[in-house]
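So the structure is just underneath, and the comments pick up after that.
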Amino acid sequence: MEIPGNVTTARQMGLVACTRCTKVWPGETERCGRCGHRMQSRDPGSLQRAWAWWVVGLICYIPANTYPMLSTRTLVSKSEDTIVGGAVELAHHGSYGIAIVILVASVLIPIGKFAVIAALAIGVRRGTRMSQLRRHQLYEVVEYIGRWSMIDVFVVAILSSLVQLGALASIAPGKASLFFALSVIFTMLSAQSFDSRMIWDRDSEPTPQPLQPQEVHA
Amino acid sequence: MPWAQDSEILSTCLRSGESAYVSTTNLLFLQERHEPVGPQIRTFRDVSRDLDQLIACPRCDAVYHVEEPGMGERAVCARCHNVLIAPRKRAGKQIIAIALAIVVLVIAATIFPFLSIRAAGVSHGSSVLDAALAFSSSSLLVVLTLAVAALIVFIPVLRALLVIYVLTPVVFDRPPWPGAIRAFRLSEGLRPWSMAEIFAIGCAVALVKVADLADVHFGPAFWMFSALVVLMMLKDSYMCRYSVWKSLET
């Protein structure tokens with residue numbers, strides 16, 4: 001949804017914008033004079049950091065799926081369930097609805113987040129056919145949904161503190177909960193490191209016409 | 001000529017489903033303003049005074065000339081639809097009231113049980129504290145106890161307190177208290193990490209999961225958390241960050 005020619009970026013004007021308080025400063029300014037936030041026209045390390053957090057998050061996501069998330073002990077049985085295993089079990093018992101919800105929330109969404117962040121990062125480097133607005137919206141969705149994945153960890157915490165009925169039944173958290181929480185946190189950090197301004201750079205890249213403060217001084 | 005462009009932008013914004021009251025007409029584009037003035041005849045002071053009139057979208061770097069929208073209107077970035085300015089009448093007082101309520105509710109909700117379970121004569125209630133401590137049984141998971149407590153209790157309370165600290169002098173037309181700028185910056189930085197409302201939804205999910213296993217009842221804290229979800233959303237939608245930064249500027 002392009003409004004070609006109408007939008008000028010701070011970078012094109014040789015200015016640098018504070019991403020925290022939206023104030024605009026001359027190009028060389030390092031810290032925002034209003035809120036003290038560190039400023040960079042485009043963060044050169046942004047993609048690298050996003051990828052680094054992405055990889056760590058993905059690594060943590062593997063044990064999150066192989067280790068048990070919950071271990072349930074009742075009078076007669078003791079079972080340890082992984083995320084997928086638990087969903088399959090629920091489906092066997094006939095509660096397809098909950099099984100689908102769990103699969104979507106703890107498998108589909110995390111994998112989707114990894115895929116989207118990777119696609120955005122690659123798109124910035126190589127260019128894509130997807131419109132800038134569409135990519136920006138994807139970024140906003142990932143940033144918004146990211147924190148909601150923590151819900152799984154909270155559910156484990158709630159269940160294992162709630163279901164403590166002595167010998168009758170008890171639930172304890174498994175190792176996977178730690179790795180799942182770490183994976184969520186690292187993906188959030190990955191999304192935050194990604195500089196969304198880069199999505200918009202590609203097409204409108206006529207080299208910045210300098211309005212450098214040095215020239216202005218002279 | 002600028003008017004033609006503005007109405008075009010306004011219509012594109014509306015077409016793409018931007019809700020509520022979009023007022024991009026108030027954001028005049030900088031290009032026209034700058035054309036007549038060459039950079040070489042400007043002094044540094046002029047530039048900086050000029051820059052005060054500009055804002056850049058933090059999401060996509062588009063620069064706009066500020067003309068503040070009226071109360072209840074919103075100024076939206078023309079290309080990425082990020083809300084830039086959204087002033088509201090008496091927002092300051094309302095936000096302080098909401099923040100106070102959040103502090104009280106979070107602390108109370110930490111102590112009272114949010115769910116209780118009953119099966120075969122045995123019953124057990126669980127509070128947020130218990131939920132966080134659930135991870136302390138194994139040495140590997142102790143970190144999670146701290147993380148959960150921080151995400152659900154400490155960070156939301158800290159954010160609310162910081163906002164009260166920042167806004168109270170602003171509301172009473174006093175100069176900002178020392179460190180207000182750092183306080184607001186911290187509060188903004190912590191925004192994604194405040195997860196009390198996610199915990200509330202987690203309660204509902206957990207309830208569904210154990211419903212067939214045993215009798216489950218909501219405790220008082222569950223309703224407090226439900227109220228928190230609404231309050232947190234209200235607080236974030238009332239807060240016009242642009243206006244706050246503007247008022248902290250000395």
Side-chain angles (χ1 to χ4, degrees), chain A residues 1-3 6-11 13 15 17-26 34-37 95 98 101 132-133 136 143 146-148 150-151 153-166 168-169 172-173 175 177-178 181 188 192 196-197 199-200 211 213 215-217, chain B residues 5 9 12 16 29-31 39-40 42-44 47 51 54-63 78-80 84 115 117 119-120 122 124 126 130-135 137 140-141 143-144 147-148 151 181-182 185 188 192 195 198-199 201-203 205-206 208-210 213 241-242 245 249:
Chain A
M1 186 206 71
E2 290 39 18
I3 312 153
N6 279 358
V7 172
T8 318
T9 64
R11 183 192 181 77
M13 296 171 60
L15 303 171
C18 175
T19 49
R20 184 131 294 168
C21 76
T22 69
K23 202 164 161 55
V24 181
W25 298 93
R34 174 156 76 179
C35 72
H37 194 59
S95 12
I98 304 181
V101 169
Q132 292 168 318
L133 182 66
H136 189 90
E143 236 207 347
R147 39 205 295 278
W148 284 92
M150 212 61 180
I151 202 168
V153 180
F154 292 155
V155 168
V156 169
I158 293 167
L159 285 181
S160 40
S161 70
L162 185 64
V163 185
Q164 293 296 339
L165 300 170
L168 207 60
K175 278 184 194 159
S177 51
L178 174 66
M188 280 175 73
Q192 282 175 17
S196 64
R197 294 176 295 186
I199 294 175
W200 297 90
L211 188 120
E215 292 175 30
V216 171
H217 272 301
Chain B
Q5 287 172 350
I9 291 152
T12 21
S16 65
F29 290 105
L30 179 86
Q31 255 178 347
Q40 59 275 48
R42 234 182 283 166
T43 64
F44 184 70
V47 172
L51 292 183
L54 303 179
I55 60 169
C57 173
R59 296 299 187 132
C60 76
D61 214 26
V63 174
R79 65 174 187 177
C80 79
L84 296 172
L115 285 178
I117 186 174
V122 192
H124 182 77
S126 171
D130 299 324
L133 288 174
F135 291 115
S137 51
L140 184 70
L141 301 178
V143 219
L144 265 187
V148 167
L151 294 173
I181 288 174
R182 291 183 74 181
R185 198 151 56 96
E188 285 294 286
M195 299 189 178
I198 297 172
F199 185 80
I201 310 295
C203 284
V205 174
V208 175
K209 276 192 172 179
V210 281
L213 212 126
R241 285 165 205 95
Y242 174 83
W245 285 120
E249 217 168 26

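A, B, ... follow the sequence lines: proteins, then strands. Residue 1 opens every chain. In this text the structure is predicted, and so the values were computed from the model without any measurement.
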Next item on the list: Specify the closest pair of heavy atoms between B:Pro58 and A:Thr22, including all atoms of both residues, with the distance to one decimal.
Entry: CD-CG2, 3.7 Å
Check: For B:Leu115, is it the side chain, the backbone, both, or neither that has a heavy atom closer than 4.5 Å to a heavy atom of chain A?
Finding: both
Notebook entry, point to check: Closest approach of B:Leu141 and A:Ser177, non-hydrogen atoms and distance?
Noted result: CD2-OG, 3.9 Å
Note to self: To check you understand the geometry: which heavy-atom pair defines the closest contact between A:Arg147 and B:Ile198, and what is its length?
What the structure shows: O-CD1, 3.2 Å
Check: What residues, two or more places apart in sequence or in another chain, satisfy side-chain hydrogen bond (donor to acceptor under 3.5 Å, both in side chains) together with B:Arg241?
Finding: B:Glu188
Note to self: Heavy-atom cut-off 4.5 Å, strictly under: side chain, backbone, both or neither for A:Val153 against chain B?
What the structure shows: both
Notebook entry, point to check: What's the shortest heavy-atom distance between B:Asp130 and A:Ser161, and which atoms?
Noted result: O-CB, 3.4 Å
Checklist line | Derivation of the side chain to side chain contact (heavy atoms under 4.5 Å, CB included) call for A:Leu178 and B:Phe135 | finding: CA-CA 9 Å; A:Leu178 174 66; B:Phe135 291 115; over 6 Å; no
Note to self: Only pairs of heavy atoms separated by less than 4.5 Å count here; which of A:Cys18, A:Ala181, A:Ala17, A:Gly36 has the most with chain B?
What the structure shows: A:Gly36
Item checked: With A:Ser196 via side-chain hydrogen bond (donor to acceptor under 3.5 Å, both in side chains) - residues at least two apart -> none
Next item on the list: Mind ranking B:Cys57, B:Ser126, B:Ala147, B:Ala132 by heavy-atom pairs under 4.5 Å with chain A and telling me who comes out on top?
Entry: B:Ser126
Check: If every non-hydrogen atom of B:Val63 is compared with every non-hydrogen atom of A:Thr9, which pair is closest and at what distance?
Finding: CG2-C, 3.6 Å
Notebook entry, point to check: Does a side-chain heavy-atom distance below 4.5 Å link A:Trp200 with B:Asp61?
Noted result: no
Check: Roughly how far apart are A:Met13 CE and B:Leu54 CG, rounded to 0.5 Å?
Finding: 5.5 Å
Next item on the list: Under the side chain to side chain contact (heavy atoms under 4.5 Å, CB included) rule, what do B:Trp245 and A:Lys23 come out as? Steps first, then yes or no, please.
Entry: CA-CA 9 Å; B:Trp245 285 120; A:Lys23 202 164 161 55; over 6 Å; no
Margin query: What's the separation between atom CE in B:Met195 and atom CD1 in A:Ile151, rounded to the nearest 0.5 Å?
Written below: 11.0 Å
Checklist line | Engaged part of B:Leu133 at the chain A interface, taking heavy atoms whose separation is under 4.5 Å | finding: neither
Margin query: Quick check on A:His136 against chain B: is it the side chain, the backbone, both or neither that has a heavy atom closer than 4.5 Å?
Written below: side chain
Next item on the list: Please determine, among A:Gln192, A:His37, A:Arg20, the option with the most heavy-atom pairs under 4.5 Å with chain B.
Entry: A:Arg20
Check: Do you know which of B:Ala62, B:Cys203, B:Pro192 has the most heavy-atom pairs with chain A at a distance under 4.5 angstrom?
Finding: B:Pro192
Notebook entry, point to check: If you count heavy-atom pairs under 4.5 Å between each of B:Gly202, B:Ala131, B:Ala134 and chain A, which one has the most?
Noted result: B:Ala131
